[in-house]
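So you know, we letter chains A, B, ... as the sequences are listed, proteins then strands, and number each from 1.
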Amino acid sequence: MNALLHGAVYGAVIVTVLLTMVALAIWGERKLAGRMQSRLGPTLVGPVGLLQPIADVLKLLQKEDIVPLGADRWLFGAAPVLAVLFSLGAAAVVPFSPTSIAADLDVGVLYVLAIGGLTVIPTFVAGWASNNKFALLGGMRAIAQSVSYGVPLVLATMVPVILAGTMSVSGIVGWQAAHHWLVVWPFFLGLPAFFVFFLALLAESNRIPFDIPEAESELVAGVTTEYSGAKFTLFYLGEYLHTLVGSAVAAALFFGGWDGPFAPGLHWMVAKTLVLFVSVYWVRWSLLRFRSDQLMELCWKRLTPLGVGLLLAAAAWVELGPGGAR
Amino acid sequence: MSHLYDALRAMRTTLVTAFRKPTTVEFPAVIRPRGERYRVSFALPDDEHGELACIGCIACERICPSQVIKMRSTGKIESPVTGKKRQYVDEFVLDLSACIGCELCIQVCNSDAIRMTREPEEPSYSREGLVLDLVRLRANARDKTLSWGRGTELLERQEPPKAEKGGGRGGRPAAGRPDDSNKEAPAKAAVAPPAPAPAAAPAAVAEVK
Amino acid sequence: MSVQTQSAIRAGVDPHLAPASVEADGDLMLLHFGPQHPSTHGVFRMDLLLDGELVIKATPYVGYLHRAVEKLCEKLTYVQQTPIVDKNDYVSPMTNEQALNMAFEKLLNIEVPRRARWMRTIFAELQRIASHLLWLGTFTLDLGGALGGGTTLFMHCFRERESILDLFEDVSGARFHYNTHTIGGNRHDIPAGWDAKVQRALATIESRLHEYEDLSLGNSIFVARTKGVGVLTGDLALELGITGPNLRASGIDHDLRRDAPYGAYDELTVRPCVASEGDCLARARVRMDEVRESIRLVRAGLDGLPEGPICGFKPIRQATQVKVTSGQVYVAIETPRGELGTFVVGGGDTPTSPHRIKLRSPSLHALSAIPYIVPGYTVSDAVAILGSLDPIMGEVDR
């Protein structure tokens with residue numbers, strides 16, 4: 001009962017914080033993208049355009065909610081809600097500060113990977129339920145991509161688990177606070193593992209260069225072609241949330257979470273999450289997208305062997321090397 | 001690995017451009033500097049005596065490819081200002097929403113009576129808001145900046161070279177300039193084969209300069 | 001879908017066959033790459049028969065932007081037509097005007113003064129730079145998404161294009177549809193100080209070209225998306241009447257500016273850019289090289305610009321001042337898309353209007369290659385191929 005109440009309260013707080021961060025992230029991304037393109041980004045709504053996300057959401061919500069003829073109404077409506085739920089769900093086990101975590105699971109990493117893997121379901125459901133060939137193509141590509149990139153994601157996540165010796169996310173953060181951040185030492189394991197994790201995160205969240213499922217220039221809007229109004233807002237929101245929560249998980253697993261050289265706490269976690277988040281968008285606004293088969297080739301021929309190698313190296317480090325401080 | 005290296009190079013480029021000064025001009029707070037010849041709306045200015053310069057010769061109405069100008073001229077009336085007889089216009093309507101901005105009306109006006117302006121009209125919620133009548137056109141001449149283009153100046157600059165010079169490069173007959181009554185001129189155009197073979201395409205286009 | 005069926009469809013089957021006749025196998029998906037699509041470069045439809053992601057058959061449908069320009073030109077008089085043909089290839093209006101007025105000049109046997117010829121050449125080359133910059137921006141949009149790296153390059157290309165449009169605004173007063181060519185020459189002369197502005201604009205563009213390459217041609221993701229994709233052989237290109245950068249990228253060295261010079265090209269040396277692979281990357285490379293070549297040509301043009309009159313025929317004073325009773329001409333020029341030809345038949349019922357004007361548009365011929373070069377690649381490649389052919393629907397449909 002105590003754990004339930006604890007989870008509910010912290011959960012509500014974290015969800016609120018995350019949604020606010022998403023609003024700021026929308027603004028930040030548009031300004032950042034604008035600057036990279038020699039233009040200003042939003043400036044009119046609110047000071048420096050800060051209220052632009054609110055204007056966006058209000059505009060989207062008042063649009064007509066169209067359900068195409070022949071679409072599966074229940075699935076069509078359920079997909080965006082599930083997308084947001086699954087993205088938010090992964091944030092439950094991430095420790096935002098030494099004391100605040102919604103649910104301190106012993107198998108936090110497993111939970112994160114599982115919920116993260118579930119996010120492909122709303123994408124495909126949207127593609128199927130829309131009764132639209134573009135959406136269907138997008139959905140099929142999404143499944144192929146997410147399932148494939150789940151493998152390097154899991155392999156990369158195993159490196160912190162092996163090095164820290166626990167599957168609990170707060171345990172990994174605590175181990176990093178006591179020893180070193182994993183990207184600092186052992187950097188030959190931590191950095192490549194982070195790199196693989198980052199790429200797999202980009203692929204799981206359908207970000208450029210892996211955004212084939214929602215490739216606008218080929219598939220109009222991919223899986224979200226037929227969505228409008230509130231449902232589209234939820235998809236839009238879900239995308240940002242997935243990236244944000246993924247960055248938070250990466251910060252916790254590889255960069256030491258709330259740990260810092262001085263005054264460890266929530267601010268370090270937030271700062272690291274934001275840096276990773278900005279990097280995701282920096283990559284997005286600079287690169288072109290891969291074609292499906294090139295994407296698959298990158299995953300299976302490069303990232304997966306690298307991931308397996310890192311896994312074995314981490315295990316060797318712990319068993320045979322000085323890393324075996326358990 | 002080449003993907004990684006090129007990705008980093010692309011990201012470095014966007015980082016560099018992120019710190020450049022944006023080229024945005026925040027319209028409508030700031031209007032970008034428009035060229036001297038920029039042409040976007042119309043005006044009927046006054047002549048040097050202070051009367052409307054337009055003498056209702058209907059040249060602009062006839063030349064307009066989109067037929068957006070309609071006017072009604074009066075006959076020759078004695079001018080209250082100069083005392084000489086001249087023609088005026090009662091009604092002059094220019095439908096700006098159908099205008100394609102080709103400047104041909106300015107080109108043909110021998111009296112410099114119709115000019116274009118460098119500031120656009122205000123956007124309107126109705127089609128009638130973009131129909132310029134005589135009152136609005138005269139007001140534009142007062143309130144907006146007129147563009148450089150002027151009928152007499154354009155016509156003067158476009159005057160062809162004198163016949164005795166015989167054109168630019170040597171070898172062309174001096175009598176090559178057709179005159180106004182072109183219907184007596186023989187059909188001097190070269191007849192080119194309509195479907196040139198692809199490999200021999202260059203030969204089909206003769207010496208047109 | 002058996003291999004035999006696949007190859008039967010691909011090789012030798014008339015692309016104009018209705019898709020229904022291929023439905024016998026039943027497991028091909030028909031996708032309308034419809035007129036409403038972010039990447040079809042205008043209103044254009046491509047029906048793709050897909051086996052999963054692989055395109056088995058592609059059928060282009062044009063005509064969505066038909067505006068009866070040629071019919072309209074039959075009703076308007078000779079002097080009123082330049083602003084109308086401006087809107088055909090709406091991305092490079094200078095070349096449209098040039099083609100039309102050159103045809104009229106040949107019909108009337110008018111000699112264009114030297115200054116006008118050089119001015120027309122300079123404008124055409126500047127327009128070529130602007131058009132290729134726009135092409136590069138939209139091509140990376142196709143490849144990289146409207147919400148990603150493609151947009152970044154798109155914005156940059158348009159910023160440079162704006163400087164060229166400002167130059168044209170200084171000359172003619174309009175940023176986009178100029179109506180500055182006329183029968184016999186040009187209507188607007190170059191204002192004082194324009195040379196310096198052009199040199200500044202060219203210097204900026206030249207200095208930023210390597211940035212564009214970092215984000216596009218030099219980028220391995222771009223190369224991976226375009227190398228070996230949409231190979232157009234030289235023979236097929238010649239048979240379909242494809243000209244311009246598409247032809248030169250397939251190994252055929254043919255450029256009307258050098259082979260059938262007009263304007264100032266007989267005095268300026270044009271070095272056409274040729275590649276031999278015929279894939280999308282080759283077409284991109286040819287266009288980027290053409291930008292550099294055009295920068296050089298503009299500088300040479302400005303250096304050698306002679307003084308003198310700018311028009312060799314009487315200026316436009318009335319709509320009916322040009323009358324032609326008979327004769328027909330065909331004049332072709334090299335636009336950024338290829339050979340734009342104007343076939344004019346004079347005479348007919350009203351001697352003040354042409355009896356028939358036929359415009360040969362290079363983009364239509366480029367699109368006719370789609371049924372041959374798209375099958376065998378994926379949907380993503382279909383988008384890349386369409387973008388690399390650089391079609392402009394305004395001139396395809398007229």
If you tally heavy-atom pairs under 4.5 Å against chain C, which of B:R12, B:R157, B:E153 wins? B:R157
Counting heavy-atom pairs under 4.5 Å with chain B, the top scorer among C:K87, C:H188, C:R115 is C:H188
Below 4.5 Å, heavy-atom pairs only: which of C:G218, C:G341, C:P306 has the largest tally toward chain B? C:G218
Check each atom of C:F222 against the heavy atoms of chain B and say whether the ones under 4.5 Å are side chain, backbone, both or neither. neither
Flag side-chain contact, heavy atom, 4.5 Å: B:P160 against C:C311: no
Structural part of C:R159 lying under 4.5 Å from a heavy atom of chain B: side chain
Report which part of B:T17 has an atom under 4.5 Å of a heavy atom belonging to chain C: side chain, backbone, both, or neither. side chain
Segment of B:C109 engaging chain C (4.5 angstrom heavy-atom cut-off): neither
Could you tell me which non-hydrogen atom of B:L154 sits nearest to which non-hydrogen atom of C:R187, and how far apart they are? CD2-O, 3.7 Å
Looking only at C:I84, C:T182, C:V171, most heavy-atom pairs under 4.5 Å shared with chain B are made by C:V171
Under 4.5 Å to a heavy atom of chain B? For C:L76 that would be side chain
Could you tell me which of B:R62, B:R34, B:R32 has the largest number of non-hydrogen atom pairs under 4.5 Å with chain C? B:R32
Just so I know, are the side chains of B:I63 and C:Q318 near enough to count as touching, which here means a heavy-atom distance under 4.5 Å? no
Does any heavy atom of chain B fall under 4.5 Å from the side chain of C:P191, the backbone, both, or neither of them? both
Choice from C:P315, C:A319, C:G185 maximising heavy atom contacts with chain B below 4.5 Å: C:P315
Looking at C:N179 and B:C102, would you say the former's side chain and the latter's main chain have a donor-acceptor pair under 3.5 Å? yes
Given the options B:E156, B:E103, B:R39, which has more heavy-atom pairs under 4.5 Å with chain C than any of the others? B:R39
Among B:R9, B:Q158, B:E159, residue most engaged with chain C (heavy-atom pairs, under 4.5 Å): B:Q158
C:R258 portion near chain B, given a 4.5 angstrom heavy-atom threshold: neither
Between C:A116 and chain B, which part of the residue has a heavy atom less than 4.5 Å away: side chain, backbone, both or neither? neither
Whatever's closer than 4.5 Å to a heavy atom in chain C on B:S147 counts as neither
As an exercise, state the distance from OG of C:S172 to OH of B:Y38, rounded to the nearest 0.5 Å. 11.0 Å
Please classify the contact of C:E169 with chain B as side chain, backbone, both or neither, using a heavy-atom distance under 4.5 Å. both
